[in-house]
Amino acid sequence: MSEDTPAPRSNFITAIIDEHLENGRFDRVHTRFPPEPNGYLHIGHAKSICLNFGVAQDYGGLTNLRFDDTNPTTEEVEYVESIQADIRWLGFDWEDRLFFASDYFGQLYEYALQLIKLGKAYVCDLSPEELRQYRGTLTEPGVDSPYRDRTIEENLDLFQRMGAGEFPDGSRTLRAKIDMSSPNLNLRDPVLYRILHAHHHRTGDKWCIYPMYDYAHALSDSIEGITHSICTLEFEDHRPLYDWCLDTLGIFHSQQIEFARLNLTYTVMSKRKLLQLVRDGYVSGWDDPRMPTLAGMRRRGYTPEAIRTFADTIGVSKANSIVDMELLEHVLRDDLNNRARRVMAVVEPLKVVIDNYPAGQEETFEVPYFPFDRENSPTRQVPFSREIYIERSDFMEDPPKKFYRLAPGSEVRLMNAYYITCTDVIKDQSGEVVELHCTYDPESRGGMSPDGRKVRGTLHWVSAQHALDAELRLYDTLFTKANPYEVPEGGDFKDNINPESLQVVTAAKLEPGLADAAVGESFQFMRQGYFCLDAVDSKEGALVFNRTISLVDTWAKMQK
RNA sequence: UGGGGCAUGGUGCAACGGCAGCACAGCGGACUUUGAAUCCGUUGAUCCAGGUUCGAAUCCUGGUGCCCCGGCCA
């Protein structure tokens, strides 16, 4: 249980902010989270969201949500909606500051005109292939475009006609006039605008030229008065271009700061790869509970608190790293341990008949939902009868030492009920155990005997006649390798997909109260793990529960 | 010498010239009506080589290793 107040965020970014505040570069903190609506948000985005919103909060500043929707060919409204839902679910609020880069298309166009008038941008007629050739290589400088020295008037005319739709896709671009021999490829007269006769999810068919990321992003930050524009490491090389745009135009200058994106073991964290898994049917959708997407994690039973704690715990730096999945699982368990009601459910049922319990008799036990706080815990009534189910793995006919569950002749406690002793084992023709016979000690009602004798094993159980049937979905990691990209020559990350990442149990038995479970509630199925109702497939009378995560299992570890 | 960036226990992050610390994982024990949780204890690190300094993870020099960059993607 972690009641400790989280330490104030302190990292290399807050150090930079502190410096800016001290030297007067800025007198406030205003960040933004800039998703492109071309996929669902994942846990890596959560790191960025927590960073951007968290840092602003710490400094009494603001955070904008801005969709970076400058490429209509890959973007969809489905994504702009899911992204907003996911951020809200995570617990962050952009208030009235929802923006779209496309809101600025008009302004961006005006700025482009200004760049042309400044002699800092020109219309280039090179084809994409020619452009690539003229750009040079990593070690050789590029070559000036033959169109580089067009007059301002000609550029103005051509750019306006580009915007008016006079030219086909790919025939012309607007380029910044910087330096074709720069060792930084991003500065070799980068493309600012391209022609794209595509329908935009917000601006419709109004535009057929769309600004490129570097240009649009820098100007959008400036327009919104963003002080600290936090992005990932791969944009470090782009910062000189970011700065060039703002300096050349002489407008408000945000500071771009780069940090290392999140990597997690046993999963992939790229929208392109995740899209592939969805499209190719390796998972049921973006919200498949095995996906590292926020939608998937929510459906799986992750809480926003756990994810936020995780983001705080991993910290922020510029070093590429891979966080161990076990850390995520730890904060999840810690959070769930504090909030989940304890109930009983049998995953793999084995019938037990209590021979000396009167046939036809039943009784109910009042059982606390939070047994570690029996005094204050709310309770529910749990029925008990002569025939019950226990976990198949809780019985062994020929147990190893240290096995203190049920075995022939051994006595265990049925949680909150009675002590029972196994007297007989029934098997089918193939030798499989199909039923157990036991006797119970009526004196041990409630789970304690007056003589105070020690019973080491405590089992969960469900009354057979009262049990609810349910489907359980048990998840394992989506990939079998900590690093899914580790494949033999010519292989693909999909080769490492875990064929056993989903195990469906169709005949689980639940205590009857679970009929009232609601979506979004977490339960601990005692001695098994944390589960929640599946928001998509569960129906009344056909319950489906997802295992969010298993409990730590020291016994299983000992068996290895 | 194309350019940019990063190196601290197994993993992630601190230490900002002054005793290398935290979390996870591991290991050992206590407790237990969850083999959970909790509690107690414990193993384990500054990429390498020089230099500056009373003192270096931190500053300087030189290496080494890893990541990113040749979309009209973001």
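The sequence lines fix the lettering, A, B, ..., with proteins before strands; numbering per chain opens at 1. As a basis for the values below, the full set of heavy atoms in this structure was taken, side chains included, without hydrogen atoms, waters or symmetry mates.
- Here A:M212 pairs with A:V191, A:R194 under the side chain to side chain contact (heavy atoms under 4.5 Å, CB included) rule; sequence neighbours left out.
- A cation-pi arrangement, defined by a distance under 6.0 Å to the six-membered ring centre and an angle within 45 degrees of its axis, is absent between A:R342 and A:Y369.
- Scanning atom types as modelled, one donor and one acceptor separated by under 3.5 angstrom connect the side chain of A:Q524 and the base of B:U34.
- The distance from atom CG of A:D179 to atom P of B:G2 is 18 Å, rounded to the nearest whole Å.
- Remark: A:S48 pairs with A:F33, A:N52, A:F259 by the side chain to side chain contact (heavy atoms under 4.5 Å, CB included) rule, at least two apart or across chains.
- When heavy atoms are screened at a 4.0 angstrom cut-off, A:L327 is found touching the sugar-phosphate backbone but no base atom.
- Only the P atoms considered, B:A57 is 15 Å distant from B:A45, to the nearest whole Å.
- Look at CG on A:L459: it is 15 Å from P on B:A36, rounded to the nearest Å.
- When heavy atoms are screened at a 4.0 angstrom cut-off, A:Y418 is found touching no nucleic acid atom at all.
- Atom CE in A:M396 sits roughly 16 Å away from atom P in B:G35 (whole-Å rounding).
- Listed by chain and number, the residues in a ring pair (Phe, Tyr, Trp, His ring centres under 6.0 Å) with A:F395 amount to none (sequence neighbours excluded).
- The base of B:U32 is paired with the side chain of A:R456 by a donor and an acceptor separated by under 3.5 Å.
- Side-chain polar atoms of A:E511 and A:S463 form no donor-acceptor pair below 3.5 angstrom.
- With hydrogens and angles disregarded, a donor-acceptor distance shorter than 3.5 Å links the side chain of A:R150 to the backbone of A:V123.
- A heavy-atom distance below 4.0 Å to RNA chain B is reached by none of the residues of residues 260-267 of chain A.
- Residue pairs meeting the salt bridge (charged side-chain N to carboxylate O under 4.0 Å, His left out) criterion with at least one partner in residues 182-191 of chain A, sequence neighbours excluded, are A:R148-A:D189.
- Residues A:L219 and A:L246 have side chains in contact (heavy-atom distance under 4.5 Å, counting atoms from C-beta outward).
- Toward the 5′ end of RNA chain B lies the nearest nucleotide of A:F12, the other residue of the pair A:Y404 and A:F12 mapping further downstream.
- In this structure, A:Q256 atom CD and B:G5 atom P are separated by 13 Å, rounded to whole Å.
- A:M558 has its CE atom 10 Å from the P atom of B:G29, to the nearest Å.
- Rounded to a whole angstrom, the distance from the C1' atom of B:U58 to that of B:U52 is 13 Å.
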TODO: Determine, stepwise, if the pair A:F525 / A:F531 fulfils ring pair (Phe, Tyr, Trp, His ring centres under 6.0 Å).
DONE: CA-CA 7 Å; A:F525 289 1; A:F531 289 75; 4.2 Å; yes
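- To the nearest angstrom, C1' of B:C24 lies 16 Å from CD1 of A:I322.
- Residue-level contact check: A:V331 touches neither bases nor backbone, having no heavy atom under 4.0 Å from any strand.
- For the pair A:E391 (side chain) and A:V347 (backbone), a donor-acceptor distance under 3.5 Å is present.
- A gap of 34 Å separates the C1' atoms of B:G51 and B:U11, to the nearest Å.
- Between A:V323 and A:M415, the residue anchored closer to the 5' end of RNA chain B is A:V323, taking for each the nucleotide with the nearest heavy atom.
- Between the C1' atoms of B:C48 and B:G35, the separation comes to 47 Å (whole Å).
- Spacing between B:C22 and B:G9 at atom P, rounded to whole Å, works out to 16 Å.
- With C1' as the reference atom, B:A14 and B:C72 are 44 Å apart, rounded to whole Å.
- Looking at A:D214, its side chain never comes within 3.5 Å of a backbone N or O of A:L241 through a donor-acceptor pair.
- Here B:A14 is the nucleotide among B:A14, B:U34, B:G2 with the atom lying nearest to any side-chain atom of A:S317.
- Residues A:L472 and A:Q528 fail the side-chain proximity criterion, which asks for heavy atoms closer than 4.5 Å.
- Counting distance only, with no hydrogens placed and no angle test, the side-chain atoms of A:R527 and the base atoms of B:G35 include no donor-acceptor pair under 3.5 Å.
- Rounded to an integer number of Å, the gap from CZ of A:F531 to C1' of B:A36 is 14 Å.
- Contact check, A:H330 against B:C24: a side-chain N or O comes under 4.0 Å of OP1 or OP2.
- Listed by chain and residue number, A:D373 satisfy the side chain to side chain contact (heavy atoms under 4.5 Å, CB included) test with A:N376 (two or more places apart in sequence, or in another chain).
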Open item on the list: Using a 4.0 Å heavy-atom cut-off to protein, can you give one letter per nucleotide of nucleotides 67-74 of chain B, 5' to 3': B if the base is in contact, S if only the sugar-phosphate is, - if neither?
Closed with: SBBBSBSB
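- Comparing the same atom, P, in B:G41 and in B:A7 gives a spacing of 33 Å after rounding to whole Å.
- Taking a pair as Watson-Crick or G-U with both hydrogen-bonding distances under 3.5 Å, the stems of three or more pairs touching RNA chain B are B:2-7 with B:64-69, B:10-13 with B:21-24, B:26-30 with B:38-42, B:47-51 with B:59-63.
- Here the separation of B:U1 from B:G62, taken at their C1' atoms, is 13 Å to the nearest Å.
- A donor-acceptor pair is defined here as one N or O able to donate and one able to accept, closer than 3.5 Å; such a pair exists between the side chain of A:D103 and the backbone of A:F100.
- In this structure, A:R405 reaches the bases: a heavy-atom distance under 4.0 Å links it to at least one base atom across the strands shown.
- Judged as a side chain to side chain donor-acceptor pair (under 3.5 Å), the pairs with a partner in residues 315-325 of chain A (not counting sequence neighbours) are, in order, A:E236-A:K318.
- Heavy atoms of A:Y210 sit nowhere under 4.0 angstrom from any nucleic acid atom.
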Can you check nucleotides 7-10 of chain B for protein contacts, nitrogen or oxygen pairs under 3.5 Å, and list what you find?
none

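- Using a 90° window around 0 for the glycosidic torsion, B:G71 falls inside it and is classed as syn.
- Applying the side chain to side chain donor-acceptor pair (under 3.5 Å) test to pairs two or more places apart or on separate chains, those with a residue in residues 263-273 of chain A are A:N38-A:K271.
- A:D335 is linked by a salt bridge (charged side-chain N to carboxylate O under 4.0 Å, His left out) to A:R339, counting only residues two or more places apart in sequence or in another chain.
- Remark: A:T458 is not in phosphate contact with B:U34, judged by side-chain N or O atoms under 4.0 Å from OP1 or OP2.
- One can place CZ of A:F259 at 15 Å from P of B:C6, the figure rounded to the nearest angstrom.
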